[in-house]
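Heads up: the structure comes next, in structure tokens.
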Number of protein chains: 2
Amino acid sequence: MKASPSIKRRTVTSSVLDLLRDRIISGYYEGGHQIRQEAIADEVGVSRIPVREALVQLEAEGLVVIHTHKGAVVAKLTPEDAVDIFEARLIFEPFILAKAMEKATPDDVERVQSAYRDYEKALLAGESPAILSQLNWAFHIALSYAADRPRSLSVLSTLYNSADRYLRLQIDAKAAQTKALEEHSALAQYFADGNSSAAQKLLKKHIADARDDVIRGLQHRGTKVAS
Amino acid sequence: MKASPSIKRRTVTSSVLDLLRDRIISGYYEGGHQIRQEAIADEVGVSRIPVREALVQLEAEGLVVIHTHKGAVVAKLTPEDAVDIFEARLIFEPFILAKAMEKATPDDVERVQSAYRDYEKALLAGESPAILSQLNWAFHIALSYAADRPRSLSVLSTLYNSADRYLRLQIDAKAAQTKALEEHSALAQYFADGNSSAAQKLLKKHIADARDDVIRGLQHRGTKVAS
DNA sequence: GACCCGTATATTGAATACAAAGCCCTCGTT
DNA sequence: AACGAGGGCTTTGTATTCAATATACGGGTC
């Protein structure tokens with residue numbers, strides 16, 4: 001089974017899907033925002049059918065909630081939801097990492113190193129949060145790649161997208177990004193050394209810290225986001 | 001499998017979704033089976049639109065794979081996929097169980113007991129595999145309910161549906177069901193006693209055994225299913 | 001003035017109709 | 001006979017159109 005998600009030809013539905021997902025994750029659409037099918041359709045210059053299908057997929061990803069005959073609303077960001085997501089990652093990612101490290105080849109090690117360098121380069125270049133987020137995720141993907149577990153990867157990917165929404169509203173994004181870089185450096189080293197237990201431990205801390213930062217941030221914002 | 005019975009009004013898409021999901025999980029559609037939109041539409045007496053939307057959701061659940069301009073194919077059952085799914089559950093479910101037990105109230109205990117009795121009753125009554133599977137899942141849901149983690153539950157639910165496909169082709173279903181009943185009994189007891197570590201340990205064994213049974217079964221069937 | 005109920009409108013759900021891509025078979029060439 | 005080009009057929013992707021439902025507004029009643 002060759003996991004090749006890119007073989008899918010570009011379709012209108014997928015374009016709309018990417019557009020909407022990006023707007024939700026980036027915070028352009030805030031939690032509670034109602035997404036009107038026709039508004040999107042008119043804006044992009046397509047019919048409502050691809051928009052509908054994109055929304056269905058977004059609901060499966062947990063980014064929107066669809067109420068029958070009432071339409072799609074961007075999922076709200078709450079502390080409870082953040083804990084739900086980040087702790088799921090907390091349990092899951094180190095497990096996948098362990099599986100990956102069991103089977104990792106030199107190519108896999110190089111993939112991790114490369115992903116690390118890409119992130120570092122982008123951070124130093126002062127790239128946008130969107131770019132950094134993407135490369136951050138690419139690094140985590142690289143860590144998991146060798147596990148060769150499409151299902152688990154899919155679960156992780158969904159969780160990450162939702163987690164990213166919370167990460168994007170960090171107050172001091174710069175500090176978080178720099179901290180991430182340092183931890184990625186160590187993770188990449190442990191990966192290369194085959195030190196699985198150290199890698200897992202650090203990854204857990206990495207995610208737990210992110211969770212705590214997010215929670216703190218949400219409390220700081222008060223009820224503004226919750227409701 | 002009725003995730004949200006009361007909230008969402010019954011829609012054609014959801015009916016088709018349930019129908020197709022059921023056919024895939026039950027094995028009526030084998031892995032590799034091509035699902036023609038128009039065939040389903042004609043059979044049910046609806047247009048292709050709801051069928052398409054149902055297929056999109058099924059792809060998100062990992063039950064079908066959609067190739068652009070080529071259509072939907074029922075996901076194949078392979079040993080690698082089974083390991084992927086069952087080990088994801090193996091890591092995830094005990095974690096959710098622990099979270100649930102931290103917060104469980106007497107009502108939650110009663111919910112687990114009730115789910116256990118329902119399964120026992122159905123097994124003794126010689127109910128169909130479909131019914132037993134549903135009640136089996138209902139028991140696991142009951143164990144997780146108190147955790148109050150919708151995201152994690154959703155992940156678990158998806159994993160379980162796919163896992164169920166493998167469980168359904170067990171050679172000796174009766175033996176597995178009886179074994180499950182015994183383990184459920186002990187799990188329910190640990191839950192009631194608040195013995196979290198014992199419960200987690202048993203749940204892990206429960207899932208690991210299921211994984212091993214499934215793998216054995218797949219090997220026994222040889223290449224017939226794999227290809 | 002508050003509340004209930006019907007109607008009007010906006011928005012989604014589904015069906016029909018049209019466009020485009022993939023597949024398969026034929027036919028011609030070598 | 002093997003191979004490749006082309007065309008027709010099948011199936012999916014998208015647009016357009018019609019139907020059903022929820023929300024908002026207004027009139028009537030107490």
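Labels below follow one simple rule: chain letters A, B, ... track the order of the sequence lines, proteins then strands, and each chain is numbered from 1.
Sequence neighbours left out, the pairs with a member in residues 139-155 of chain B that pass salt bridge (charged side-chain N to carboxylate O under 4.0 Å, His left out) are A:Asp81-B:Arg151, A:Glu87-B:Arg149.
The closest side-chain heavy-atom distance from A:Thr11 to B:His69 is not below 4.5 Å. Proximity of A:Phe191 to A:Leu97: side-chain heavy atoms (C-beta onward) are separated by under 4.5 Å at one or more points.
In this structure, the side chain of B:Ser133 does not engage the main chain of B:Pro129 through any donor-acceptor pair within 3.5 Å. Proximity of a side-chain donor or acceptor of B:Arg211 to a complementary backbone N or O of B:Leu90 within less than 3.5 Å is not detected.
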Would you give a per-nucleotide map of nucleotides 12-18 of chain C, 5' to 3', where B means the base has a protein non-hydrogen atom under 4.0 Å away, S means only the sugar-phosphate does, and - means neither?
BBSBB--
